[in-house]
Amino acid sequence: MLRLHSELPTGASGAILIIPTYIPTLCTLLWCGCVLPFMNPPAKMVAVLGSTGSIGTSALEVIQASKGRLRAVALSAHSRLDQLLAQAEQFRPRWAIATDPVAAEAFDWSKLPEETELLVGPAALVEVVARDEVDLVLAAIVGRAGLESTWAALENKKTVALANKETLVVAGSLVTQLARDRGALLLPVDSEHSAIFQALQAGNPVEVERLVLTASGGPFRDFSPDQLKQVTVAEALDHPIWDMGPKITVDSATMMNKALEIIEARWLFGIGAEQIEVVIHPQSIVHSMVEFVDGSVVAQMSPPDMRLPIQYAFTYPERVAGVAERLDFGRAFSLEFEPADPERFPALELGFECAKAGGSAGAVLNAANEGAVEAFLAGELHFTEIVPACRSVLQSHCHEAEPTLDQLIEFDRWAREEILSWVCP
Ligand code: NAD
Ligand code: MG
């Protein structure tokens with residue numbers, strides 16, 4: 001054991017320590033050399049926004065398996081409050097946020113752990129992400145509802161692990177500018193963008209020729225136009241590979257998800273729409289690729305399991321062993337790629353158009369799509385009408401090249417109203 005030798009000045013009551021000057025240096029060296037290697041770094045405190053969703057629950061599995069490296073400091077849910085309560089009992093966060101005040105009012109919170117403070121309403125998301133106790137925010141709320149909390153997190157220089165692609169579709173230019181201005185890290189969780197982010201590390205930005213987004217093609221890849229007209233809600237919600245929330249599952253069936261991802265990639269990687277390509281890859285093992293100027297294509301592969309991109313965003317720049325499934329090369333499997341036919345997948349064209357146009361286009365497309373998907377799920381719009389309805393709203397909007405955030409929110413409100421003219425109650 002290390003002892004400090006001290007001399008007490010005569011007649012003093014022991015208040016002053018006189019320590020030979022080399023001792024502190026010696027202590028520091030011993031501390032760094034002997035003690036630090038055996039100490040765990042402090043846990044990264046993660047605010048999991050949208051913790052009851054498909055991404056949110058996968059994120060909690062990653063946190064659970066992190067051996068204390070990660071801690072859930074905040075959890076949020078909109079309406080599945082019994083699930084939020086169960087998560088709070090398991091993870092004991094500092095805050096549990098119920099964003100729907102009506103549902104929160106009616107719920108029995110008596111079993112909420114004592115150390116967890118209940119906050120109600122969407123403003124609580126903005127408040128919590130700004131707190132000093134939060135290191136990283138997982139933006140896993142679905143739709144445009146995720147915008148304000150992501151914005152507040154970046155404004156407060158928090159690292160954001162972004163699953164909520166709609167934030168970049170609505171306000172990509174402003175959000176990425178904010179991240180740059182604040183020096184905040186914006187890390188992709190979407191599997192395609194995580195793959196591109198990883199592949200980009202193989203070269204310099206000026207050496208990038210194009211980004212190739214892979215798409216599974218969804219459940220109706222081989223359907224005829226007549227078959228598509230008969231698609232039911234249950235069929236659209238049955239994705240062959242990914243188990244996701246209802247909105248993104250319908251987006252994957254219409255290929256609007258890929259359209260949104262084209263726009264997401266345009267802003268996240270600061271690349272022109274003409275340098276983005278989409279290729280159909282039914283196995284969803286190659287999550288996306290970067291082609292460099294010399295013709296090299298760098299891809300990222302893994303079984304389809306969202307826990308891997310979530311974990312990579314949580315631990316970046318480190319990689320750690322985790323819970324995600326691994327590829328088994330002891331078993332034969334094949335990878336197929338085919339060009340994405342724009343006639344078969346008309347949503348893709350909308351994605352490229354909006355990525356090219358910038359300004360208000362993304363906000364209008366996103367809101368129209370959110371409204372159309374909601375109407376489809378309620379049985380008020382046919383599956384095959386979703387994309388034409390979005391195109392029509394996009395075409396009838398008065399494009400603004402450099403909108404403010406408030407203007408984008410107004411475009412969002414306007415497009416949601418416009419889409420109603422397509423809906424038959
Ligand atoms: P989900 O529907 O399963 O979960 C959504 C979460 O958001 C829930 O916790 C819900 O309570 C909360 N929420 C819903 N409406 C809200 C509102 N108005 N205010 C606050 N919170 C609200 O969705 P998901 O599949 O987990 O997707 C979440 C986001 O991640 C989406 O933006 C999606 O595009 C993106 N994403 C998902 C996947 C996936 O595999 N699920 C993959 C890539 C990207
Ligand atoms: Mg994706």
Side-chain angles (χ1 to χ4, degrees), residues 36-77 83-97 112-113 115-117 119 124-125 127-142 146 149-150 152-154 156-164 167 179 184-191 193-195 197-198 201 244-245 287 300 302-303 305-326:
L36 275 185
F38 299 104
M39 280 180 66
N40 288 327
K44 210 181 258 185
M45 304 302 257
V46 184
V48 183
L49 308 187
S51 63
T52 55
S54 154
I55 291 289
T57 48
S58 295
L60 290 178
E61 287 174 25
V62 169
I63 291 172
Q64 177 75 6
S66 73
K67 302 194 179 102
R69 281 168 165 262
L70 304 162
R71 264 212 60 195
V73 67
L75 302 174
S76 94
Q83 196 183 342
L84 178 66
L85 178 62
Q87 290 177 341
E89 286 179 288
Q90 185 184 352
F91 289 90
R92 311 251 152 192
R94 175 82 180 74
W95 298 285
I97 306 167
L112 194 69
E115 65 261 50
T116 303
E117 185 185 348
L119 299 171
L125 297 169
E127 195 189 307
V128 161
V129 297
R131 299 281 177 95
D132 287 344
E133 294 93 324
V134 175
D135 298 318
L136 185 147
V137 174
L138 173 68
I141 287 173
V142 62
S149 45
T150 303
L154 293 172
N156 285 281
K157 295 190 192 166
K158 306 292 175 168
T159 297
V160 172
L162 186 78
N164 177 256
T167 284
L185 266 183
L186 185 56
L187 300 169
V189 165
D190 215 348
S191 55
H193 303 72
S194 176
F197 179 59
Q198 294 175 58
Q201 292 167 38
M244 310 177 285
H287 296 300
Q300 186 260 341
S302 70
D305 184 340
M306 286 307 295
R307 292 174 299 181
L308 180 52
I310 293 169
Q311 177 178 293
Y312 186 62
F314 281 179
T315 62
Y316 175 83
E318 288 172 48
R319 289 183 187 271
V320 299
V323 281
E325 281 180 48
R326 283 160 191 263

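When a residue number appears, it is its place in the shown sequence, counting from 1. Side-chain atoms are counted along with the backbone in the values below, which use heavy atoms only and exclude waters and symmetry mates.
- If you take CZ on R131 and CG on N156, they are separated by 11.0 Å, rounding to the nearest 0.5 Å.
- Closest non-hydrogen pair, A195 versus Q300, comes out as CB-OE1, 3.3 Å.
- Contact between A47 and V134 at its shortest, heavy atoms only, is CB-CG1, 4.0 Å.
- For E117 and R94, the salt-bridge test passes: some basic side-chain N is under 4.0 Å from an acidic carboxylate O.
- We find that R71 and E133 are not joined by a salt bridge, their nearest charged nitrogen and carboxylate oxygen being 4.0 Å or further apart.
- Neither side chain, Q87 nor R92, offers a donor N or O lying under 3.5 Å from an acceptor on the other.
- Between L162 and P188 the shortest side-chain heavy-atom distance does not fall below 4.5 Å.
- Of the inter-residue distances, the one linking F314 atom CZ with D135 atom CG reads 11.5 Å to the nearest 0.5 angstrom.
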Check against side chain to side chain contact (heavy atoms under 4.5 Å, CB included), V128 and L49: CA-CA 10 Å; V128 161; L49 308 187; 5.7 Å; no
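- Atoms CZ and CD1, from R307 and I55 in turn, are 11.5 Å apart once rounded to the nearest 0.5 Å.
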CA sep, side-chain torsions, deciding dist, call: V73, V46, side chain to side chain contact (heavy atoms under 4.5 Å, CB included): CA-CA 6 Å; V73 67; V46 184; 5.7 Å; no
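- The heavy-atom pair separating S58 from I310 by the smallest distance is CB-CD1, 3.7 Å.
- If you take CD1 on I63 and CZ on R69, they are separated by 13.5 Å, rounding to the nearest 0.5 Å.
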Residue pair T159, L187: steps toward the side chain to side chain contact (heavy atoms under 4.5 Å, CB included) verdict: CA-CA 8 Å; T159 297; L187 300 169; 3.8 Å; yes
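- In this structure, OG1 on T52 lies 9.5 Å from CG on L75, to the nearest 0.5 angstrom.
- The two residues L84 and S51 make their nearest non-hydrogen contact at CD1-OG, 3.8 Å.
- Side-chain contact check for Q198 versus H193: every heavy-atom pair is 4.5 Å or farther apart.
- Between the CG atom of L119 and the OG atom of S76 there is a distance of 10.5 Å, given to the nearest 0.5 Å.
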Residue pair H287, S194: steps toward the side-chain hydrogen bond (donor to acceptor under 3.5 Å, both in side chains) verdict: CA-CA 8 Å; H287 296 300; S194 176; over 6 Å; no
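- With contacts defined as side-chain heavy-atom distances shorter than 4.5 Å, the pair M306/S54 does not qualify.
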Steps toward side chain to side chain contact (heavy atoms under 4.5 Å, CB included) verdict (L70, M45): CA-CA 6 Å; L70 304 162; M45 304 302 257; over 6 Å; no
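- Looking at every heavy atom in both residues, A96 comes nearest to L112 through CB-CD1, 4.3 Å.
- In plain terms, the two heavy atoms of P309 and V189 that are nearest each other are CB-O, 3.2 Å.
- The closest donor-acceptor contact from the side chain of Q90 to the backbone of A86 lies at 3.5 Å or more, if one exists at all.
- With sequence neighbours excluded, the residues forming a ring pair (Phe, Tyr, Trp, His ring centres under 6.0 Å) with Y312 are Y316, listed by chain and number.
- A side-chain contact (heavy atoms from CB on, under 4.5 Å) with S149 is found for exactly one of N164, L125, V160, namely L125.
- D305 contributes no side-chain N or O that, together with a main-chain N or O of A324, makes up a donor-acceptor pair within less than 3.5 Å.
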